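Here is the structure we will look at, set down as structure tokens.
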Amino acid sequence: MDALRKINKIIIKDSEIAILKKYNIIVNEYSSFDEILFQIDNIIDDLSDEEYDELDFVASNLMERKYYEESPK
């Protein structure tokens, strides 16, 4: 099962953690969505199409969660 976890202030799925780890982005080392998105942005242009799509999917999910977490309720 792909559980959601809260690491620091980041809500993230196990599968997303595994994908990020593959690219040496260790979620435990970051304290916000923005920091992870910044790291993804730094490496995404140097990847193959398949790798790009994989990281772009994770980035999109994180941006959506960030939006809902930070939106006034």
Side-chain angles (χ1 to χ4, degrees):
M1 183 168 193
D2 199 14
L4 278 173
R5 303 199 182 283
K6 188 166 188 171
I7 300 174
N8 300 323
K9 296 178 184 177
I10 304 161
I11 297 174
I12 191 165
K13 290 182 178 181
D14 290 335
S15 61
E16 295 164 342
I17 293 169
I19 290 168
L20 291 171
K21 186 176 181 181
K22 205 165 111 174
Y23 300 98
N24 296 316
I25 300 173
I26 309 303
V27 176
N28 294 342
E29 296 176 1
Y30 302 97
S31 60
S32 71
F33 288 110
D34 288 332
E35 290 177 357
I36 293 175
L37 292 169
F38 179 78
Q39 291 304 318
I40 290 171
D41 193 44
N42 281 338
I43 65 167
I44 203 159
D45 291 331
D46 298 330
L47 303 175
S48 70
D49 289 344
E50 185 178 307
E51 293 169 329
Y52 179 96
D53 290 343
E54 185 175 51
L55 269 184
D56 187 53
F57 179 75
V58 171
S60 295
N61 289 341
L62 293 178
M63 285 187 279
E64 185 176 341
R65 272 190 225 113
K66 176 186 177 221
Y67 172 80
Y68 285 109
E69 283 290 310
E70 296 178 2
S71 301
K73 293 170 178 77

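Note that these values count all heavy atoms, side chains included, but never hydrogens, waters or copies made by symmetry. Being a predicted model, the structure only gives us computed values, none of them experimental.
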To the nearest 0.5 angstrom, please state how far the CD1 atom of Ile7 sits from the CG atom of Asn28. 5.0 Å

Looking only at heavy atoms, what is the nearest atom pair of Ile11 and Leu62, with distance? O-CD2, 4.3 Å

Distance col, row Ile19:CD1 vs Asp14:CG, nearest 0.5 angstrom, shows 11.5 Å

Please determine if Glu16 and Arg65 form a salt bridge, counting it only when a charged side-chain N lies under 4.0 Å from a carboxylate O. yes

Determine whether Tyr52 and Val58 fall in the same hydrophobic cluster, where Ile, Leu, Val, Met, Phe, Trp and Tyr are linked whenever their side-chain heavy atoms lie under 4.5 Å apart. yes

Within 6.0 Å of CG in Asn42, more than 12 heavy atoms from elsewhere: yes

Between the CD1 atom in Ile36 and the CD1 atom in Ile12, the distance rounded to the nearest 0.5 Å is 5.0 Å

Flag yes if Ile26 and Ile43 sit in one hydrophobic cluster, no otherwise; membership is Ile, Leu, Val, Met, Phe, Trp, Tyr, and two members link when side-chain heavy atoms are under 4.5 Å apart. no

Can a donor-acceptor pair be found, under 3.5 Å and without considering hydrogens, that links the side chain of Asp2 to the backbone of Lys13? no

Mind listing the closest non-hydrogen atom pair of Glu35 and Ser31 along with its distance? OE1-N, 2.8 Å

Enter the distance from Leu37:CG to Lys66:NZ here, rounded to the nearest 0.5 Å. 7.0 Å

Which atom pair, heavy atoms only, marks the closest approach of Asn8 to Tyr30? ND2-O, 2.6 Å

Within the 4.5 Å heavy-atom criterion, are Leu20 and Ile40 side-chain neighbours or not? yes

Quick one: CD on Glu54 to OH on Tyr23, what's the gap to the nearest 0.5 Å? 4.0 Å

Hey, could you give me the CE/CG distance between Met63 and Asp56, rounded to the nearest 0.5 Å? 6.5 Å

Answer yes when Lys9 and Glu69 have at least one side-chain N-carboxylate O distance shorter than 4.0 Å, and no when they do not. no

